[in-house]
Amino acid sequence: MDSVFTRRVLAVVRRIPPGRVATYGDVAAAAGRPRAARAVGNIMRDSGGRDVPAHRVIAAAGKLGGYGGRIEMKRALLRAEGVLVSGGRVRDFKVRRWRRIGQQ
DNA sequence: CTGCTGACTGGTA
DNA sequence: GTACCAGCCAGCA
């Protein structure tokens with residue numbers, strides 16, 4: 001069974017709109033634990049198979065972060081939503097970043 | 001309980 | 001710009 005924190009994190013990630021991205025820290029904050037970015041990463045790693053757009057969760061400063069060793073797939077999914085990636089960074093990160101998730 | 005392990009982050013050099 | 005580092009925290013042995 002998932003812990004409360006895990007469920008909250010998954011719920012938050014599911015609210016990220018297509019074409020937008022959020023950092024592990026943003027998700028952690030939205031889930032109520034601003035400093036649990038690493039824990040969020042662990043949850044994303046184990047979120048395979050679930051109905052969760054984990055590819056929209058990236059690292060700080062627009063860096064891609066990980067994707068179970070399948071970064072190419074992460075880039076492809078983002079590109080399919082109109083999010084361009086170059087030099088290992090999401091372009092227009094500041095504009096595409098989804099903050100304050102949970103407040104609408 | 002203790003002690004790792006990370007899809008992390010912000011600070012410093 | 002890059003590199004290293006301490007702090008962080010859920011999950012698991």
Side-chain angles (χ1 to χ4, degrees):
Chain A
M1 254 322 246
D2 295 327
S3 68
V4 177
F5 180 67
T6 295
R7 281 196 304 265
R8 294 183 74 174
V9 167
L10 296 179
V12 167
V13 175
R14 276 190 273 253
R15 287 187 211 129
I16 304 174
R20 304 301 298 278
V21 297
T23 68
Y24 295 95
D26 290 338
V27 174
R33 302 265 180 218
R35 293 162 292 181
R38 277 185 102 149
V40 169
N42 292 332
I43 293 170
M44 290 302 99
R45 183 222 299 147
D46 302 328
S47 69
R50 292 178 192 256
D51 182 25
V52 179
H55 61 283
R56 295 179 192 143
V57 183
I58 63 179
K63 290 175 301 203
L64 276 187
Y67 201 70
R70 304 176 181 177
I71 294 300
E72 336 166 348
M73 175 60 81
K74 189 169 187 175
R75 261 194 322 212
L77 291 170
L78 287 172
R79 188 178 53 212
E81 296 181 353
V83 181
L84 301 180
V85 180
S86 66
R89 297 287 183 83
V90 167
R91 294 231 244 173
D92 304 315
F93 167 61
K94 293 179 74 171
V95 181
R96 298 214 176 257
R97 184 180 191 179
W98 185 247
R99 301 182 239 217
R100 301 203 173 222
I101 310 165
Q103 87 155 9
Q104 273 307 328

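Order of the sequence lines sets the chain letters (A, B, ...), proteins ahead of strands, with each chain counted from 1.
Counting Ile, Leu, Val, Met, Phe, Trp and Tyr side chains that sit under 4.5 Å apart, directly or through other members, A/Met1 stands alone, with no cluster partners.
Residues from residues 70-92 of chain A lying near DNA chain C, meaning a heavy-atom separation below 4.0 Å, are A/Arg89 in numerical order. Only A/Arg35, A/Ala36, A/Arg38, A/Ala39, A/Asn42, listed by number, bring a heavy atom of residues 35-65 of chain A to less than 4.0 angstrom from any atom of DNA chain C.
Minimum interatomic distance between A/Val13 and A/Pro53 (heavy atoms only, all atoms of both residues): O-CG, 3.4 Å. When all heavy atoms of A/Trp98 and A/Arg15 are compared, the pair lying nearest together is NE1-O, 4.2 Å. Minimum heavy-atom separation, A/Val9 to A/Ala31: CG2-CB, 3.8 Å.
Listed by chain and residue number, A/Asp26 satisfy the side-chain hydrogen bond (donor to acceptor under 3.5 Å, both in side chains) test with A/Arg97 (two or more places apart in sequence, or in another chain). Partners of A/Thr6 under the side-chain hydrogen bond (donor to acceptor under 3.5 Å, both in side chains) rule, at least two apart in sequence or in another chain, are A/Ser3. The side-chain hydrogen bond (donor to acceptor under 3.5 Å, both in side chains) search around A/Arg14 returns none, not counting sequence neighbours.
Heavy atoms of A/Gly69 sit nowhere under 4.0 angstrom from any nucleic acid atom. Backbone-only engagement by A/Phe5 is indicated by non-hydrogen atom pairs under 4.0 Å involving sugar-phosphate atoms exclusively.
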For this session: Map every base of DNA chain C to its dot-bracket character, where paired means a Watson-Crick or G-U wobble contact with both distances under 3.5 Å and | marks a partner outside the strand.
Result: .||||||.|||||
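Transitive grouping of hydrophobic side chains (ILVMFWY, heavy atoms separated by less than 4.5 Å) keeps A/Leu77 and A/Ile16 in distinct clusters. Note on A/Val57 and A/Val12: same hydrophobic cluster, where clusters join Ile, Leu, Val, Met, Phe, Trp and Tyr whose side-chain heavy atoms are under 4.5 Å apart, directly or indirectly. Cluster annotation: A/Tyr24 and A/Val21 are assigned to distinct hydrophobic clusters (Ile/Leu/Val/Met/Phe/Trp/Tyr, side-chain heavy-atom contacts under 4.5 Å, transitive).
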Mind listing the side-chain donor-acceptor pairs of residues 34-46 of chain A below 3.5 Å, one per line with the distance, residues two or more places apart or on another chain?
{"from": "A/Asn42", "atom 1": "OD1", "to": "A/Arg45", "atom 2": "NH2", "distance (Å)": "2.8"}

Between side-chain atoms of residues 78-93 of chain A and protein atoms elsewhere (two or more places apart, or another chain), which donor-acceptor pairs fall under 3.5 Å?
{"from": "A/Glu81", "atom 1": "OE1", "to": "A/Gly19", "atom 2": "N", "distance (Å)": "3.1"}
{"from": "A/Glu81", "atom 1": "OE1", "to": "A/Arg56", "atom 2": "NE", "distance (Å)": "3.0"}
{"from": "A/Glu81", "atom 1": "OE2", "to": "A/His55", "atom 2": "NE2", "distance (Å)": "3.1"}
{"from": "A/Glu81", "atom 1": "OE2", "to": "A/Arg56", "atom 2": "NE", "distance (Å)": "3.2"}
{"from": "A/Glu81", "atom 1": "OE2", "to": "A/Arg56", "atom 2": "NH2", "distance (Å)": "2.7"}

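A side-chain hydrogen bond (donor to acceptor under 3.5 Å, both in side chains) with A/Asp2 holds for exactly one of A/Arg7, A/Arg8, A/Arg50; it is A/Arg50.
Along DNA chain B, read 5' to 3', the first and last nucleotides having any atom under 4.0 Å from a heavy atom of chain A are B/dG6 to B/dG10. Scanning DNA chain C 5' to 3' for nucleotides with an atom closer than 4.0 angstrom to a non-hydrogen atom of chain A gives a first and last hit of C/dG1 to C/dG11.
For CZ of A/Arg33, the number of neighbouring non-hydrogen atoms (other residues, nucleotides, ligands) closer than 6.0 Å is 12 at most.
Under a 3.5 Å cut-off, the side chain of A/Lys74 and the backbone N or O of A/Gly68 do not form any donor-acceptor pair.
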